[in-house]
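Shown next, in structure tokens, is the structure this report addresses.
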Amino acid sequence: KQEVTQIPAALSVPEGENLVLNCSFTDSAIYNLQWFRQDPGKGLTSLLLIQSSQREQTSGRLNASLDKSSGRSTLYIAASQPGDSATYLCAVKSSGGGADGLTFGKGTHLIIQP
Amino acid sequence: NAGVTQTPKFQVLKTGQSMTLQCAQDMNHEYMSWYRQDPGMGLRLIHYSVGAGITDQGEVPNGYNVSRSTTEDFPLRLLSAAPSQTSVYFCASSRTGMGVEKLFFGSGTQLSVL
């Protein structure tokens, strides 16, 4: 059964810093990995989707990388801003996932201090 | 674009009451699903649908019913509410099924069962 772990559970950094959020998964036979952002009281917004054949995806100040063999993905946020404060979740699509193949991590709660 | 719309945003029920959580999407997506999000548990799949007239169970289906009579709508019915069903419920959709493409989420329904 696929398991997804996100470390750290919470992170607080000053504005302007570059930071990395981590996501690890136990079964490397994945189809894709998706990073989401969740604001308080809101739903999840998909940020980046990396297919298993890809190494990374970029969108603006966000860069997500995928290393299937080691079971790891990172979300790099450049020049962080207070508006980046949110919970970030990763989800893995695999044959060992849930009924829809997706397994979600529990998220990293990020606070960017002004 | 409205995207995925969920109603109501908040609901308080007494044990044994029934209710329907509404979900509608205007993106002509084939795949729709319901998740519940509980502290420390992450997102768990309740039911999903790969098209009108087709539904299937997720990880935690007991106590919930779904139907999909149109592409746009995917209501979730609580048959006899229990305190264990206190949670935040999210509806999600994607163009094709089973986590292959980006998932779009509604803003959630916060349900309390007393």
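So that the names make sense, note that chain A is the first sequence line, chain B the second, and so on, each numbered from 1.
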- Item | ILVMFWY network linking B:Phe104 to B:Tyr48, side-chain heavy atoms under 4.5 angstrom | no
- Scanning both residues in full, the closest heavy-atom pair of A:Leu44 with B:Phe105 reads O-CB, 3.3 Å
- Task: Examine A:Val4 and A:Ile7 and state if one hydrophobic cluster contains both, with Ile, Leu, Val, Met, Phe, Trp and Tyr joined whenever side-chain heavy atoms are less than 4.5 Å apart.
- Result: no
- Partner chain A: residue of B:Gln37, B:Met41, B:Gln110 with the largest heavy-atom pair count (under 4.5 Å): B:Gln37
- Item | Contact listing (chain A partner; residues 70-78 of chain B; heavy atom under 4.5 Å) | none
- Task: Under 4.5 Å, counting heavy-atom pairs only, tell me which of B:Cys91, B:Gly40, B:Ser33 racks up the most with chain A.
- Result: B:Gly40
- Do B:Leu21 and B:Leu45 share a hydrophobic cluster (ILVMFWY, side-chain heavy atoms under 4.5 Å, transitive)? no
- Task: Measure across B:Phe90 and A:Gln38 and return the closest heavy-atom pair with its distance rounded to 0.1 Å.
- Result: CZ-NE2, 3.4 Å
- Message: Is there a path of hydrophobic side-chain contacts, each under 4.5 Å between heavy atoms of I/L/V/M/F/W/Y residues, joining B:Tyr89 to B:Val4?
- Response: no
- For B:Leu103 and A:Leu102, run side-chain contact (heavy atoms from CB on, under 4.5 Å): C-alpha distance rounded to whole Å, both residues' side-chain angles, the deciding distance at 0.1 Å, then the answer. CA-CA 11 Å; B:Leu103 269 177; A:Leu102 287 174; 3.5 Å; yes
- Sequence neighbours left out, what pairs pass salt bridge (Lys or Arg N to Asp or Glu O under 4.0 Å) with at least one residue falling in residues 68-92 of chain A? A:Arg61-A:Asp84
- Turns out that what part of A:Leu47 lies under 4.5 Å from chain B's heavy atoms comes down to backbone
- A:Glu3 atom CD, over 12 foreign heavy atoms within 6.0 Å: no
- Query: Who wins among B:Ser107, B:Gly42, B:Gly108 for the most heavy-atom pairs under 4.5 Å with chain A?
  - Reply: B:Ser107
- Query: Is it the case that one hydrophobic cluster holds both B:Leu13 and B:Val88, taking links as side-chain heavy atoms less than 4.5 Å apart, direct or via other members?
  - Reply: no
